[in-house]
Q: 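Structure below; questions to follow.
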Protein chains: 2
Amino acid sequence: MDERPGKITLVEVAERAGVSLGSASRAMNGQGASEAMIDRVRTAASELGYRPDASGRSLRMRQTKQIAFAVADIGNPVYVEMLSAIHEAVAPGGYRVVVMQTGETARSTADLVRTMSAGVIDAMILSPLRVDDDLLEALTSAPMPIVVIGRPLPEHGIDSVSTDSAVAVGLAVEHLLAIGRTRVGFVNGPLDTTPGAARQRGFGDAQQRHLPNNDAPVEIADDFTVAAGLTAAHALLSRSQRGNAPLDAIVAANDLLAIGVIRAARGLGIRVPEDLAVTGIDDTEIGSLFHPSITSVSLGSTERARMAAQIVLERIAPDTSRQTDVRQAHVGPTLIARESTGTPDPLLTALATTPSESDGTPQ
Amino acid sequence: MDERPGKITLVEVAERAGVSLGSASRAMNGQGASEAMIDRVRTAASELGYRPDASGRSLRMRQTKQIAFAVADIGNPVYVEMLSAIHEAVAPGGYRVVVMQTGETARSTADLVRTMSAGVIDAMILSPLRVDDDLLEALTSAPMPIVVIGRPLPEHGIDSVSTDSAVAVGLAVEHLLAIGRTRVGFVNGPLDTTPGAARQRGFGDAQQRHLPNNDAPVEIADDFTVAAGLTAAHALLSRSQRGNAPLDAIVAANDLLAIGVIRAARGLGIRVPEDLAVTGIDDTEIGSLFHPSITSVSLGSTERARMAAQIVLERIAPDTSRQTDVRQAHVGPTLIARESTGTPDPLLTALATTPSESDGTPQ
DNA sequence: TTGAAAGCGATACCAA
DNA sequence: TTGGTATCGCTTTCAA
């Protein structure tokens, strides 16, 4: 049962079946071979425990049937949701999705892109945190299709699926003002990242439009994680609470930061949303299930991921007519109000009126 | 700058440099070539925009420098933590980690293992949710090293890194009894999964030992997710609360389920931990940052992941003396008490006494 | 140190 | 339909 499963090649299968190498290949792929031939070869193959070798095949076929999804931080649930969407979009075509970590920097991202430019994968969907010229060079010179999620890059001829997270921050601010909050703070991620920069701009714009005193406190977290949000918010809040006009709302640059913000508020005895309303961005499931559930601006992550996958598939397809035109897709932001800004949670409301043997899986 | 980056091979580089193919190869790898040769070839290569092809190389070298980490659900943060640990362990050796989804079933997992048995990766670290004979066959007949995280399988000659999640459940129950709870319920994941079965057994044992009336209510969630935990707990709690002796504690089979349980409790107006103490398993960061922070039994995930990576590296190394002895590692569970069972949160306590310009990133 | 050539395992072409 | 053979891009002997 375990008889030396070393390395049986198609040559050996062909020998055992008493046919030529070519016939064996065709039989294994089930095309251009007679029933009898297929039978004989398949039998020999399974007797020998033959496993086709991917390197040999992809060397010849110039494809691996693998698509990479590369992100900075798999810990961010928004990427997990994107991954599912991508998987569902490409699986029917026989593609497998492999997840890769880009690392934090533009440099490490460029390294990854170059490494993967070697024919390991057929295409890549990339969500880079930081972009620089070197990365752009890596992207433009890569031999396989790459779609960037996160920021339009048409001037470089790079396909992208974008959203407008500056506008997203604006929506959050406007929502907070609409519910009567006036002292709004902002917890952002690093400003040298694409999302950090856009959201900073968005907050600046909103501030100028709606908060003319222009003194809204901002704190920059070390990264887009819960822990960083906790630290940043703790600093922001303890500073703010000492002043004469404590904050009554905080916009967090994503849901993970928002969780950290809420946690920090609790540590300081600040109630959410009563004393402090909090908003996130990304509309992740964990945010909707947090306590309090987090008001968040959806950036249509699932849809963007699906679109990116679609573009990738079209690029891979050999019969694509025009290779030249850059593909660009865009999804606008939407705010979903929840408990963290004082809106009763739709989830719990539904649950309360649902019979206990409900089979409706929420969300 | 963008001059048809089609497919430059080493042959063309060699031609341009006016040297032989072999010399070009040696020069690119920087061994067995003179300084002058290296210079010439490297120059020609960069002028041409040469990128070595992975298929050709791995066909010849029989290695890809890629290690797969295959899990059922990347959405579970415990796997993210494991991924980091694996990455750190193998990166120094020049290995890249790619993440793959096994899917829910033993069948889809076996499919993945077989597909990856084709030389796409050098080794695999696998955490299967369900194991059957077919999967065992796929594992034993795979040509590359595979380490299973989750359950010892020495009788099949499969390397594994295990823990004892039955004991983990026992620890949780004992903790709840120690804080004075008497009516303990259990929210588990599917019983036909490895962790589900073990934890069910663990709860049964604990019940027999500590809760002799033997009527502890159990609810099986559809999977190990927050949403499933929410649904299951809602059913369990609304059933329980109607009775004469409502539950005062629930053991959840992992942190995700625990989050769902707490959420369901809130929906029914049940306070945690005052009315209901809740424990999780896995000790994930998100659980420690949830509100209330979740008492959880650590299964040493990070350490197990590190061990798995270590074993994999040793198996890959060509000079491993004995290929025969099955490697087995084990990590025991530890309970970490937090707010969800009435223990003041160490994190918030620390934060409260920390000056606001603290740079100490928690956890 | 360098060049020439063999081969890794598969597919695909061209005859038969 | 089948057999024989060239070929994918690279590394690695073996001689020179």
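Order of the sequence lines sets the chain letters (A, B, ...), proteins ahead of strands, with each chain counted from 1. Heavy atoms only: backbone and side chains are in, while hydrogens, waters and symmetry mates are out.
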Q: Is any side-chain nitrogen or oxygen of Ser20(B) closer than 4.0 Å to OP1 or OP2 of dA4(C)?
A: no
Q: Taking OP1 and OP2 of dG9(D), is either one under 4.0 Å from a side-chain nitrogen or oxygen of Arg57(B)?
A: no
Q: What is the distance from CZ of Arg60(B) to C1' of dG9(C), rounded to the nearest Å?
A: 12 Å
Q: What contact category does Ala33(A) fall into here, base, sugar-phosphate, or nothing, at under 4.0 angstrom with non-hydrogen atoms?
A: sugar-phosphate
Q: How many whole angstroms separate atom CG of Leu21(A) from atom P of dT11(C)?
A: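 For the pair Leu21(A) CG and dT11(C) P, the rounded distance is 9 Å.
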Q: Is Arg62(A) touching bases, backbone alone, or none of the nucleic acid, heavy atoms closer than 4.0 Å?
A: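 Sugar-phosphate contact only.
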Q: Measure from CG on Leu10(B) to P on dT12(D) and round the result to the nearest Å.
A: 12 Å
Q: Identify whether any heavy atom of Thr9(A) sits under 4.0 Å from a base atom; if not, whether one sits that close to sugar-phosphate; answer base, sugar-phosphate or nothing.
A: sugar-phosphate
Q: Rounded to whole angstroms, how far apart are CG on Asn29(A) and P on dT1(D)?
A: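 After rounding, the reported distance stands at 16 Å.
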Q: Of the candidate nucleotides dA6(C), dG9(C), dA10(C), which contains the atom at the shortest distance from the side chain of Lys7(A)?
A: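 Minimum distance to the Lys7(A) side chain belongs to dG9(C).
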Q: Roughly, in whole Å, what's the span from CD in Glu15(A) to P in dG3(D)?
A: 13 Å
Q: Starting at the 5' end of DNA chain C and moving along, which residue's nearest nucleotide shows up first, Glu35(B) or Met61(B)?
A: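 By nearest-heavy-atom nucleotide position, the 5'-most residue is Glu35(B).
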Q: Tell me what Ser34(A) touches on the nucleic acid: a base, only sugar-phosphate, or nothing, going by heavy atoms under 4.0 Å.
A: sugar-phosphate
Q: Is a donor from one side chain sitting under 3.5 angstrom from an acceptor on the other, for Ser162(B) and His330(B)?
A: yes
Q: Consider side-chain hydrogen bond (donor to acceptor under 3.5 Å, both in side chains). Of Arg315(A), Arg327(A), Gln328(A), which one does Asp159(A) pass it with?
A: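 Running side-chain hydrogen bond (donor to acceptor under 3.5 Å, both in side chains) over Arg315(A), Arg327(A), Gln328(A) with Asp159(A) returns exactly one hit, Arg315(A).
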Q: Can you see whether Ser84(A) engages Glu81(A) through a side-chain donor-acceptor pair at a distance of less than 3.5 angstrom?
A: no
Q: Between atom CG in Leu59(B) and atom P in dA6(C), what is the gap in whole Å?
A: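 The answer, rounded to whole Å, is 17 Å.
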Q: Return the value, rounded to whole Å, for the distance between atom OH of Tyr50(A) and atom P of dT11(C).
A: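 Atom OH in Tyr50(A) sits about 6 Å away from atom P in dT11(C).
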Q: Regarding dG3(D), can its base be found pairing with the side chain of Arg26(A) as donor and acceptor, where the two atoms are less than 3.5 Å apart?
A: yes
Q: Answer yes or no: does a side-chain N or O of Ser23(A) lie under 4.0 Å from OP1 or OP2 of dG3(D)?
A: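 For dG3(D), OP1 or OP2 has a side-chain N or O of Ser23(A) closer than 4.0 Å.
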Q: Without hydrogens or angle criteria, can the side chains of Arg57(A) and Ser55(B) be said to hold a donor-acceptor pair below 3.5 Å?
A: no
Q: More than 12 heavy atoms of other residues, nucleotides or ligands under 6.0 Å from CD of Glu35(A): is that the case?
A: no
Q: How is Val19(A) classified with respect to the nucleic acid when contacts are heavy atoms under 4.0 Å: base, sugar-phosphate, or nothing?
A: sugar-phosphate
Q: Among the candidates dT11(C), dG3(C), dG3(D), find the nucleotide nearest to the side-chain atoms of Met37(B).
A: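 Among dT11(C), dG3(C), dG3(D), the one nearest the side chain of Met37(B) is dG3(C).
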Q: What is the distance from CG of Asp53(A) to P of dC8(D), rounded to the nearest Å?
A: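 It is 18 Å, rounded to the nearest whole Å.
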Q: Which part of the nucleic acid, if any, lies within contact of Gly32(B), taking any heavy atom under 4.0 Å across all strands shown: a base, the sugar-phosphate backbone alone, or nothing?
A: base
Q: Is there a salt bridge (charged side-chain N to carboxylate O under 4.0 Å, His left out) between Arg96(A) and Asp122(A)? Walk through the geometry before answering.
A: CA-CA 10 Å; Arg96(A) 189 173 294 284; Asp122(A) 293 344; over 6 Å; no
